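This is the structure I want to talk about, given as structure tokens.
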Amino acid sequence: MTLRLYNSFSGQKEDFKPLSGNHVGIYVCGITAYDDCHLGHARAAVVFDIIVRYLRHRGFKVTHVQNITDIDDKIINRAREKGVSFKELSEHYTGEFHRDMEALGVARPDVEPRATGHIQDIIRLIETLVSKGYAYAVEGNVFFSVENFHGYGRLSHRSLEEMQAGARVEIDPRKRHPMDFALWKSGKPGEPAWESPWGPGRPGWHIECSAMSIRYLGETFDIHGGGQDLIFPHHENEVAQSVAATGKPFVRYFVHNGFVTINGEKMSKSLGNFLTIKEILSGYHPEALRLFLLSKHYRSPLDYSEDLIREKQVSLDRIYVTLAEALDAVASPAISPTIHPGASATGISPSTEVETAYSRINNLKELFYQAMDDDFNTAQAMGHVFDAVKGINTLLQISKKGPDQDCLAAIGAGVSAIREVGQVLGLFSTDTKSYLEGRRAEKLSKLSLTADQIRDLIHQREEARAKKDWAVADAIRKKLAGANIILKDSPQGTTWEIKE
RNA sequence: GGCGGCAUAGCCAAGAGGUAAGGCAGCGGUCUGCAAAACCGUUAUUCUCCGGUUCGAAUCCGGAUGCCGCCUCCA
């Protein structure tokens, strides 16, 4: 089976074949370290985290490079506002970024280069562009000449004429063409600056990604990723600079993730609907956030609301409950968890219910890979996971009536299949018991009752039930229900849960 | 003004020529003293609207309407 992915260059899904054998080089545009990361950063991070995980899972050797922009106008301005150095500011927010990523379960890239660590690479690249006639220096600035580069607009599918027609920006009179962009910016007094052939200054935004991707992945590499907003001008400019400098193709597949809106509106500081990763994780499990981000295809816009994330939290709880019950069932010492259910499953029961459950479990992996091979269709993949969960639940139901070896083996196989695909999605990685205990503690903390008080009431109800005093028993059930506590009676006794 | 995207049940969402996955909510049932959980069944004769191509269209083409993004820093 071939992995197919959507290439922004062609606007179509294409078969993915790495440049050299089994090795995949992927460069993802990271953050500019001047503020806390928000939900949009979380989406991009999780999308590319899963792409990298899936490529590796499929047997590719992946080199994942993701930059951090640590010098830039926004950083300089913010540092000035706060009265700290640009370095202190960018280091602070880089640290916050790392904490957020760790909380989200996003794996660290193999290389995490920073612009200020590659000034010499950048200067050399600009010199090449100047010497080849693609760039010109004016008053300590260096601009890239879009007219001299044929093919400008190929990625964003726009011509220079179209772009000029829509220009809304005041044009820098030093530019020869309105669309020319800065490779090197001269430093005003007091601004951070590095020595260069054009005088002291700092790199433009786009050039760092060309310099660092070429350094770590070579002049031509497989995948370049980022948010859709980066297509123009950032990635268009990267392509122009890189191709002009090397004379070779730059990136083979451009992959862009869609945007996040909040209650239907674009996130923006002026609207006051900016949600940081920290804010969301203070109320929801990181895997619930991941589940939410995966619930829609990565290229589509994704709308966030409290209702939706809460729904994902409930779904995640449900899956963990199933996994926990399945593990309990399988833990029976008489049963070997290594039995493969597929072969023995067929025919052991005439019930189609059981057959369906077996196939839901046994088909999971194949269907999951099919979905992921089709441009990382995580929404579809999750549908298959839910099917497998249903299959496990069916068998759990049956095994409660009379455990049978094949049934328990299938349950075990289901758990390991879900765990396996979960590794690709970054889900179900927490120990089931600690997950459920954590969730209970979290919900309990929002309650007016303590666990001891609840246990007392349950005890009183047990006594009433023993006397078949249903009126008292039901009154206690009702009272607890009023506090959002659901009682579950079973032959082993009564347990309780807190409703979301 | 230019470029691009999206419109699928009460809500979220997959499907991209062969007769509508999955999740949430709802309803009926099994189980239960009553419940809860779980499971089973059910919930879009139809995919914004109007034309066209085709044996066949939610899927392709043309048009209309609505929403969104980019063109300026942005994941």
Side-chain angles (χ1 to χ4, degrees), chain A residues 8 11 13 28-32 34-35 37-48 72-74 77 153 156-159 161-170 179 205 225-234 236 256-261 264-269 291-292 295-297 299-303 305 307-308 310-312 314-315 318 321-322 325 352-353 356-357 367 371 374 377-387 389-398 400-401 465 468-471 473-474 477-478 481 485-491 494-497 499:
Chain A
S8 298
K13 288 181 200 171
V28 180
C29 284
I31 57 150
T32 298
Y34 79 108
D35 205 346
C37 289
H38 59 250
L39 187 52
H41 294 110
R43 185 179 197 192
V46 167
V47 163
F48 287 101
D72 146 280
D73 290 359
K74 292 193 294 290
N77 293 337
S156 53
H157 306 110
R158 275 175 265 217
S159 68
E161 293 70 35
E162 284 168 355
M163 286 186 251
Q164 277 181 77
R168 300 191 308 206
V169 178
E170 211 177 310
M179 298 311 293
W205 175 36
Q228 247 156 28
D229 55 323
L230 297 181
I231 294 174
F232 190 87
H234 185 55
E236 190 70 62
H256 293 104
N257 66 275
F259 259 51
V260 181
T261 56
E265 286 178 317
K266 183 184 167 162
M267 271 195 298
S268 79
K269 304 218 162 162
L291 194 56
F292 167 71
S295 66
K296 200 161 177 189
H297 185 90
R299 274 189 286 113
S300 304
L302 175 63
D303 190 45
S305 71
D307 284 349
L308 288 175
R310 199 176 300 124
E311 184 190 311
K312 297 307 166 198
V314 171
S315 294
R318 184 189 151 208
V321 167
T322 295
E325 287 180 4
T352 52
E353 190 185 19
T356 307
L367 292 173
D374 184 16
N377 193 336
T378 53
Q380 191 172 56
M382 273 312 300
H384 300 314
V385 171
F386 279 110
D387 274 339
V389 168
K390 193 180 268 193
I392 292 175
N393 278 328
T394 301
L395 297 181
L396 281 172
Q397 194 97 339
I398 289 163
K400 273 177 194 158
K401 289 172 185 158
R465 290 183 72 211
K468 295 205 190 293
D469 186 349
W470 307 128
D474 287 350
R477 177 190 286 291
K478 207 171 171 187
I485 293 158
I486 309 293
L487 298 182
K488 298 164 82 169
D489 297 329
S490 79
T494 299
T495 57
W496 55 279
E497 264 171 31
K499 218 172 134 188

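Chain letters run A, B, ... following the sequence lines, proteins first, then strands; residues in each count from 1. The figures here come from the full heavy-atom set of this structure, side chains too, leaving out hydrogens, waters and symmetry mates. Just so you know, these numbers come straight off a predicted model, no measurement behind them.
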Worksheet item: What interatomic distance, in whole Å, is found between P of B:A58 and the corresponding atom of B:C47?
Response: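 Nearest-Å result for B:C47 against B:A58 at atom P: 7 Å.
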Worksheet item: In whole Å, what separates the P atom of B:A44 from that of B:C55?
Response: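 One P to the other, the span is 31 Å.
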Worksheet item: Expressed as a whole number of Å, how far does the C1' atom of B:U8 sit from that of B:U48?
Response: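 Between the two C1' atoms, the distance is 10 Å.
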Item to complete: May I ask you to say what A:F259 touches in the nucleic acid, namely base, sugar-phosphate or nothing, with a heavy-atom cut-off under 4.0 Å?
Response: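 Here A:F259 touches the bases of the nucleic acid.
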Worksheet item: OP1 or OP2 of B:C24 less than 4.0 angstrom from a side-chain nitrogen or oxygen of A:R318, does that happen here?
Response: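 For B:C24, OP1/OP2 do have a side-chain N/O of A:R318 under 4.0 Å.
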Discussion item. The side chain of A:E311 is closest to which nucleotide in this list: B:A38, B:G23, B:C34?
Written reply: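 So the side chain of A:E311 is nearest to B:G23.
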Worksheet item: A:I485 has an atom CD1; how far is it from atom P of B:A36, in whole Å?
Response: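 About 16 Å, once rounded to whole Å.
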Worksheet entry | Least distance between heavy atoms, A:V260 atom then A:G40 atom |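 Scanning both residues completely, I find the closest heavy atoms to be CG2-CA, 4.1 Å.
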Practice prompt. Select base, sugar-phosphate, or nothing to describe what A:L487 touches, counting heavy atoms under 4.0 Å on all strands.
Written response: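 Answer is base: heavy atoms of A:L487 come under 4.0 Å of a base.
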Discussion item. Over all strands shown, is A:K390 touching base, sugar-phosphate only, or nothing at heavy-atom distances under 4.0 angstrom?
Written reply: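 A:K390: backbone/sugar contact only, no base atoms under 4.0 Å.
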Discussion item. Pairing check on B:C6: which nucleotide meets the Watson-Crick or G-U wobble criteria with it, both distances under 3.5 Å?
Written reply: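 Paired with B:C6, as far as the under-3.5 Å criterion goes, is B:G66.
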Practice prompt. Name the pairing partner of B:G1, where a pair is Watson-Crick or G-U wobble with both distances under 3.5 Å, or state none.
Written response: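 Per the H-bond distance test, B:C71.
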Worksheet item: With a 3.5 Å cut-off and just heavy-atom distances, do the side chain of A:H256 and the base of B:A75 make a donor-acceptor pair?
Response: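 There is none.
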Fill in: Heavy-atom closest contact (A:G226 atom, A:F48 atom, distance)
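The answer is N-CZ, 3.3 Å.
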Worksheet item: Just how far is it from atom CZ of A:R43 to atom NZ of A:K296, taken to the nearest 0.5 Å?
Response: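 Answer for the CZ-NZ pair, A:R43 versus A:K296, is 7.5 Å.
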Discussion item. Base, sugar-phosphate or nothing for A:V47? Non-hydrogen atoms, less than 4.0 Å.
Written reply: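 Nothing, no heavy atom under 4.0 Å.
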Worksheet entry | Gap separating the OG1 atom of A:T32 from the NZ atom of A:K74, nearest 0.5 angstrom |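 Interatomic distance, A:T32 OG1 to A:K74 NZ, rounded to 0.5 Å: 4.5 Å.
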Discussion item. Below the 4.0 Å mark, does B:C39 have OP1 or OP2 next to a side-chain nitrogen or oxygen of A:N393?
Written reply: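 Affirmative; the distance criterion is met.
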Fill in: Spacing of A:K400 atom NZ relative to B:A37 atom P, expressed in whole Å
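Atom-to-atom, A:K400 to B:A37, this comes out as 13 Å.
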Worksheet item: Roughly how many Å is it from CD in A:E497 to C1' in B:A37, rounded to a whole number?
Response: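 Going from CD in A:E497 over to C1' in B:A37 covers 7 Å.
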Item to complete: State which of B:G23, B:A75, B:G33 makes the closest approach to the side chain of A:R465.
Response: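 Out of B:G23, B:A75, B:G33, the nucleotide with an atom closest to A:R465's side chain is B:G33.
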Worksheet item: In the structure shown, which nucleotide is the Watson-Crick or G-U wobble counterpart of B:A14, with both distances under 3.5 Å?
Response: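 No nucleotide pairs with B:A14.
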Worksheet item: Want to settle it: does A:V389 or A:S300 sit nearer the 5' end of RNA chain B, counting the closest nucleotide to each?
Response: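 Nearest-nucleotide comparison on RNA chain B picks A:S300.
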Worksheet entry | Among B:C70, B:A14, B:C40, the one nearest A:Q380 by side-chain distance |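 Per side-chain heavy atoms of A:Q380, the pick is B:A14.
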Fill in: Side-chain heavy-atom pair A:F232, A:H234 within 4.5 angstrom cut-off
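Contact flag for A:F232/A:H234 side chains = no.
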Discussion item. Check this for me, if you would: do A:R310 and A:D307 make a salt bridge, where the nitrogen-to-carboxylate-oxygen distance has to be below 4.0 angstrom?
Written reply: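 Result for this pair is yes, salt bridge flagged.
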Fill in: Nearest to side-chain heavy atoms of A:K488, which nucleotide of B:A75, B:A14, B:A37
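Minimum distance to the A:K488 side chain belongs to B:A37.
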Worksheet item: When rounded to the nearest 0.5 angstrom, what distance separates CZ in A:R158 from CD1 in A:I231?
Response: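 Nearest 0.5 Å value for the CZ-CD1 distance: 8.0 Å.
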Practice prompt. Ignoring the backbone of A:D489, work out which of B:G33, B:A75, B:C24 is nearest its side chain.
Written response: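 Of all the options, the side chain of A:D489 is nearest to B:G33.
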Worksheet item: Is A:H297 touching bases, backbone alone, or none of the nucleic acid, heavy atoms closer than 4.0 Å?
Response: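 Counting heavy atoms under 4.0 Å across all strands, the contact made by A:H297 is with sugar-phosphate only.
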Practice prompt. Pick the C1' atom in B:A7 and in B:A14, then give their distance to the nearest Å.
Written response: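 One C1' to the other, the span is 15 Å.
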Item to complete: Calculate the interatomic distance between A:Q228 atom CD and B:A75 atom P; express it in whole Å.
Response: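 After rounding, the gap between these two atoms is 14 Å.
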Worksheet item: Quantified in whole Å, what is the P atom distance between nucleotide B:G10 and nucleotide B:C3?
Response: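 36 Å, rounded to whole Å.
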Discussion item. Please give the distance between the P atoms of B:A25 and B:C60 as a whole number of Å.
Written reply: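 Pairwise P distance, B:A25 against B:C60, rounds to 33 Å.
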Item to complete: Mind checking A:G258 for me? I need base, sugar-phosphate or nothing, with any heavy atom below 4.0 Å counting as a touch.
Response: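 Base: the residue A:G258, judged by heavy atoms under 4.0 Å, touches a nucleobase.
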Worksheet entry | Salt-bridge criterion met for A:K13 and A:D374 (N-O under 4.0 Å) |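 Salt bridge present between A:K13 and A:D374.
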Discussion item. When both hydrogen-bonding distances must be under 3.5 Å and the geometry is Watson-Crick or G-U wobble, what is B:A44 paired with, if anything?
Written reply: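 Because no pair has both required distances under 3.5 Å, B:A44 counts as unpaired.
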Worksheet item: Can you tell me how far C1' of B:A25 sits from NZ of A:K499, to the nearest Å?
Response: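 Rounded to the whole Å, the gap is 12 Å.
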Practice prompt. Pick base, sugar-phosphate or nothing for A:R43, based on heavy-atom distances below 4.0 Å to the nucleic acid.
Written response: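 Nothing: the residue A:R43, judged by heavy atoms under 4.0 Å, touches no strand.
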Worksheet item: Taking NZ from A:K312 and P from B:G23, how many angstroms apart are they, rounded to a whole number?
Response: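 Going from NZ in A:K312 over to P in B:G23 covers 11 Å.
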Item to complete: Kindly point out which of B:A36, B:A14, B:G22 is positioned nearest to the side chain of A:D387?
Response: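 Taking heavy atoms from C-beta onward, the closest nucleotide is B:G22.
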Discussion item. In whole Å, measure the gap between the C1' atoms of B:A20 and B:A36 for me.
Written reply: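 The answer is 33 Å between these two C1' atoms.
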Discussion item. So A:N377, base contact, sugar-phosphate only, or nothing? Heavy-atom distance under 4.0 Å.
Written reply: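 Here A:N377 touches the backbone only, sparing every base.
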Practice prompt. Go through B:G33, B:A75, B:C3 for me and flag the one nearest to the A:R158 side chain.
Written response: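 Output: B:C3.
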Discussion item. Measuring only the P atom in each nucleotide, how far is B:G51 from B:U59? A whole number of Å is fine.
Written reply: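 Going atom to atom, P in each nucleotide, I get 14 Å.
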Worksheet entry | Touch class at under 4.0 angstrom, heavy-atom based, for A:D474 against every strand present |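 Touches a base.
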Discussion item. Distance check needed: B:C11 C1' versus A:K296 NZ, whole Å only.
Written reply: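 A:K296 atom NZ is separated from B:C11 atom C1' by 13 Å.
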Worksheet item: In the strands shown, is B:A38 matched to any nucleotide by a Watson-Crick or G-U wobble pair with both distances under 3.5 Å, and which?
Response: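 With both distances under 3.5 Å, B:A38 matches B:U30.
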Item to complete: Would you mind telling me which of B:G33, B:G22, B:A38 lies closest to the side-chain atoms of A:F386?
Response: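 From the listed options, B:G22 comes nearest.
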Worksheet item: Rounded to the Å, how far apart are A:H157 NE2 and B:C3 P?
Response: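 Nearest whole value for this atom pair: 14 Å.
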Practice prompt. Identify, between A:R299 and A:G226, the residue whose nearest nucleotide on RNA chain B lies closer to the 5' end.
Written response: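 Going by which nucleotide is closer to the 5' end, it is A:R299.
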Worksheet item: To the side chain of A:V260, which of B:C12, B:C70, B:A75 is closest?
Response: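 Nearest listed nucleotide: B:A75.
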Worksheet item: Which part of the nucleic acid, if any, lies within reach of A:G40 when heavy atoms closer than 4.0 Å are counted: base, sugar-phosphate only, or nothing?
Response: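 Since a base atom lies under 4.0 Å of A:G40, the category is base.
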Fill in: Rounded distance [0.5 Å steps], SG in A:C37 versus CD1 in A:I31
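Atom-to-atom, A:C37:SG and A:I31:CD1 are 4.5 Å apart.
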